[in-house]
Amino acid sequence: MQLARLASLLDKSLTTDQAKQIHCQIVVNRLNDLEPLLIRQTLNSAARYSPRTAHYVKVILRRMQKPDVFATSFTIRYLSQHGQFREALSVYEQMHSSGLFPNTFAVSSALKACARIVCKIGGLMIHGQAQKCGFCKVVFVQTALVDFYSKIGDMVIARKVFDEIRGKNVVSWNSILAGYVKYGDLAMAQSVFDEMPTKDVISWNSMVSGYARVKDMEQAYELFRRMPQRNAASWNAMITGYIECGKIELARSFFDAMPDRNNVSYITMISAYSKYGSVESAKELYDQMAEKDLLLYNAMIACFAQNNRAKEALQLFDEMLKPNANVQPDKMTLASAISACSQLGDSKYGTWIETYMGELGIGMDDHLATSFIDLYAKCGNIDKAHELFKSLQKRDLVAYTAMILGYGINGRGKEAIELFEEMMDADIIPNLVTFTGILTAYNHVGLVEEGYRCFMSMQRHGLLPSQDHYAIVVDLLGRAGRLEEAHELIKTMPMQPHAGVWGAMLLACSLHNNVELAEVAWKNCCELEPDSSGYHSLLANIYASAGRWDDAKRLRRAVEEKGLVKIPGSSWTECFESQQ
DNA sequence: GTAGGGTTAG
């Protein structure tokens, strides 16, 4: 017991991080000799003090031979507070099956975990257990229930539980308020807000973000202006609102005006710039941050990956992996990194990431698997892609699209079409990207009628085909020799066709030796891309095979005179990179 | 209890 006293003394008298850690270490070493009360105190103080001491919480909990109700409940609360919701629930389940009765901390923490991962069944079960234990009159538990039902969108039950609370505190009121806000019921939210006996900054913030989310920035600003005190979240809610309305400049002016910007402010702005393709502005903000946390890295890596700057995405990812960066990548980071690998066709790096996931203890989820499906499909390993596809928990639009595209670019048209039909049967609505994939597949197998019908069906899904879709169909019709139809299709386009459309037309003309239409296509290509020489040589070839040698020669000479030299193997991306 | 990050094309 001397040790226990020493430990207790250390905890009380020494406040430095190191002393706390020594204390924790002593407790760890003599865990089974110590009184439960001391262990509780240690757990409590270690969890709160610093990340380093918090590390000992896990160690202590792991090493306890017979965890009591307190230690187990404490674990659940700790995990739930640190974002490890599934882990928290699994401990809760173990506790339950081992016959230990949870306390109110365990119940409310487990409910919080269910709310966050939207686990309806879990929350309903815990509600039942709480009722059995007689916890449903405890404000903490009741408030956790309101939060849970609000988060899963069941506002009727949330309201019922809320109305039963005696002695509602501001957190209870804020929970129901957040529920109405989340589901866009601003009228109910406003009436709750007006009814609240006391409002704190969180109540005001909820209302501001509520109006911001439904894009009513006038109301949002009015509340923002009137609120008695503001914190960073208030400003961030306004910034998010303006971004949602597409008013980036205005968002930026709030960002610039706010007194204490935090990482959330930066990440919000960076993501907005990313969405609108302003990578340089994003990078500028990113560079301003001295302390970079995981989410900030993720936002910037995602920004590069989403804007075709895969090399920079991977550079930053590498930088993040260095020990002095002091962060560990998570699922989000890896998903962007894999996307970058895929864009570069770098399957080696991608495979390395898969191994590295094991080292980090990161499991595959559907998002990550979708990135890998895309990666393996792009690198030609379509079987591995399909294997991953089969392993998905739930096949969503993006996963189907990635797989269909994969089949499309690998020439497996039949499989792509089957998958597309399966997707439609599952009532998943295709988007523009899906149609790019499926049309590519039809093109590949040469199913002209079916492909054309598929293209025409886009409008039924409320989709306006893009220039790329037109280009694929022009290619499809053109290759089949239906040049007139292809030409008619171009004429009906509601937007100006890009060079890819006319290029497909020109190519089709060269396959079928149609000089007349080739000249039309060629003329349009030259207007759209005057610096490209490829179109001239294509037309020259068409002239030549039609026996019009003079025209062919004239065109080739014109190319030389203009100094348009065809560089073999050059592409737009390479030109772009060499300019940077 | 309020504000932030991922996957499919070009």
Side-chain angles (χ1 to χ4, degrees), chain A residues 112 115 140 143-144 146-147 150-151 169-179 181-182 200-210 212-213 227 230-241 243 258 261-272 274 293-303 305-308 329-340 342-343 365-375 377-378 388 392 396-406 408-409 430-437 439-440 466-469 471-472 498 500 572-573:
Chain A
K112 185 185 167 190
F140 286 110
T143 301
V146 172
D147 177 47
S150 292
K151 287 230 167 71
N169 58 32
V170 69
V171 181
S172 326
W173 281 95
N174 283 342
S175 297
I176 193 89
L177 179 63
V181 162
K182 183 168 183 210
D200 64 4
V201 65
I202 290 179
S203 332
W204 284 90
N205 285 352
S206 287
M207 285 309 290
V208 170
S209 87
R213 224 175 289 179
M227 60 194 293
R230 300 179 192 104
N231 60 15
S234 331
W235 289 86
N236 291 340
M238 290 298 290
I239 292 172
T240 307
I243 290 168
M258 70 186 285
R261 286 181 282 274
N262 60 15
N263 278 18
V264 178
S265 331
Y266 278 88
I267 291 163
T268 309
M269 279 312 299
I270 288 172
S271 307
S274 171
D293 73 359
L294 173 64
L295 270 77
L296 195 63
Y297 271 110
N298 286 356
M300 198 60 226
I301 293 173
C303 176
Q306 287 161 1
N307 287 282
N308 291 318
D330 68 356
K331 289 183 174 176
M332 312 280 181
T333 332
L334 298 185
S336 295
I338 297 157
S339 164
S342 164
Q343 287 168 38
D365 71 359
D366 284 359
H367 268 333
L368 268 173
T370 305
S371 315
F372 276 116
I373 288 170
D374 174 59
L375 172 76
K378 293 263 169 61
L388 270 166
L392 292 175
D396 68 356
L397 170 68
V398 181
Y400 267 113
T401 304
M403 196 64 226
I404 290 169
L405 272 163
I409 54 179
N431 66 10
L432 290 175
V433 190
T434 323
F435 275 100
T436 304
L439 290 173
T440 307
S466 74
Q467 301 181 340
D468 295 327
H469 297 96
I472 299 170
H498 64 19
W572 281 111
T573 36

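All values below were derived from every heavy atom in this structure, side-chain atoms included, with hydrogens, water molecules and symmetry-related copies excluded. Residue numbering restarts at 1 for every chain, and letters A, B, ... go by the order of the sequence lines. On a predicted model such as this, the values are computed, not experimentally measured, just so you know.
- Residue A/Arg213 is classed as a sugar-phosphate contact, given heavy-atom separations below 4.0 Å to backbone atoms only.
- A heavy-atom distance below 4.5 Å is not found between the side chains of A/Ile202 and A/Val170.
- Reading DNA chain B from its 5' end, the first and the last nucleotide to sit under 4.0 Å from a heavy atom of chain A are B/dG1 to B/dG10.
- Within the nucleic acid shown, A/Ile176 has no heavy atom closer than 4.0 Å to any nucleic acid atom.
- As judged by a 4.0 angstrom heavy-atom cut-off over every strand, A/Thr401 is placed among the base-contacting residues.
- Counting only distance, with no hydrogens or angles, the side chain of A/Asn174 and the backbone of A/Leu177 share no donor-acceptor pair below 3.5 Å.
- Within the nucleic acid shown, A/Leu294 comes within 4.0 Å of at least one base atom, counting heavy atoms only.
- Closest non-hydrogen pair, A/Ala299 versus A/Ser271, comes out as CB-OG, 4.4 Å.
- Counting any heavy atom pair closer than 4.0 Å across all strands shown, A/Asn169 reaches no nucleic acid atom.
- Looking at heavy-atom distances under 4.0 Å, A/Lys112 makes contact with sugar-phosphate atoms alone, never a base.
- Using modelled atom types, one finds no donor on one side chain facing an acceptor on the other under 3.5 Å when comparing A/Ser371 with A/Ser339.
- Among the heavy atoms of the strands lying under 4.0 Å from A/Asn263 is at least one base atom, whether or not backbone atoms are also near.
- Nucleic acid contact for A/Gln306: sugar-phosphate only, since backbone atoms but no base atoms lie under 4.0 Å from a heavy atom of the residue.
- Applying the side chain to side chain contact (heavy atoms under 4.5 Å, CB included) criterion to A/Met332, with sequence neighbours excluded, gives A/Asn298, A/Asp330.
- With sequence neighbours left out, the side chain to side chain contact (heavy atoms under 4.5 Å, CB included) criterion links A/Thr434 to A/Leu397, A/Thr401, A/Ile404, A/Phe420, A/Met423, A/Pro430, A/Asn431.
- Residue-level contact check: A/Ala237 touches neither bases nor backbone, having no heavy atom under 4.0 Å from any strand.
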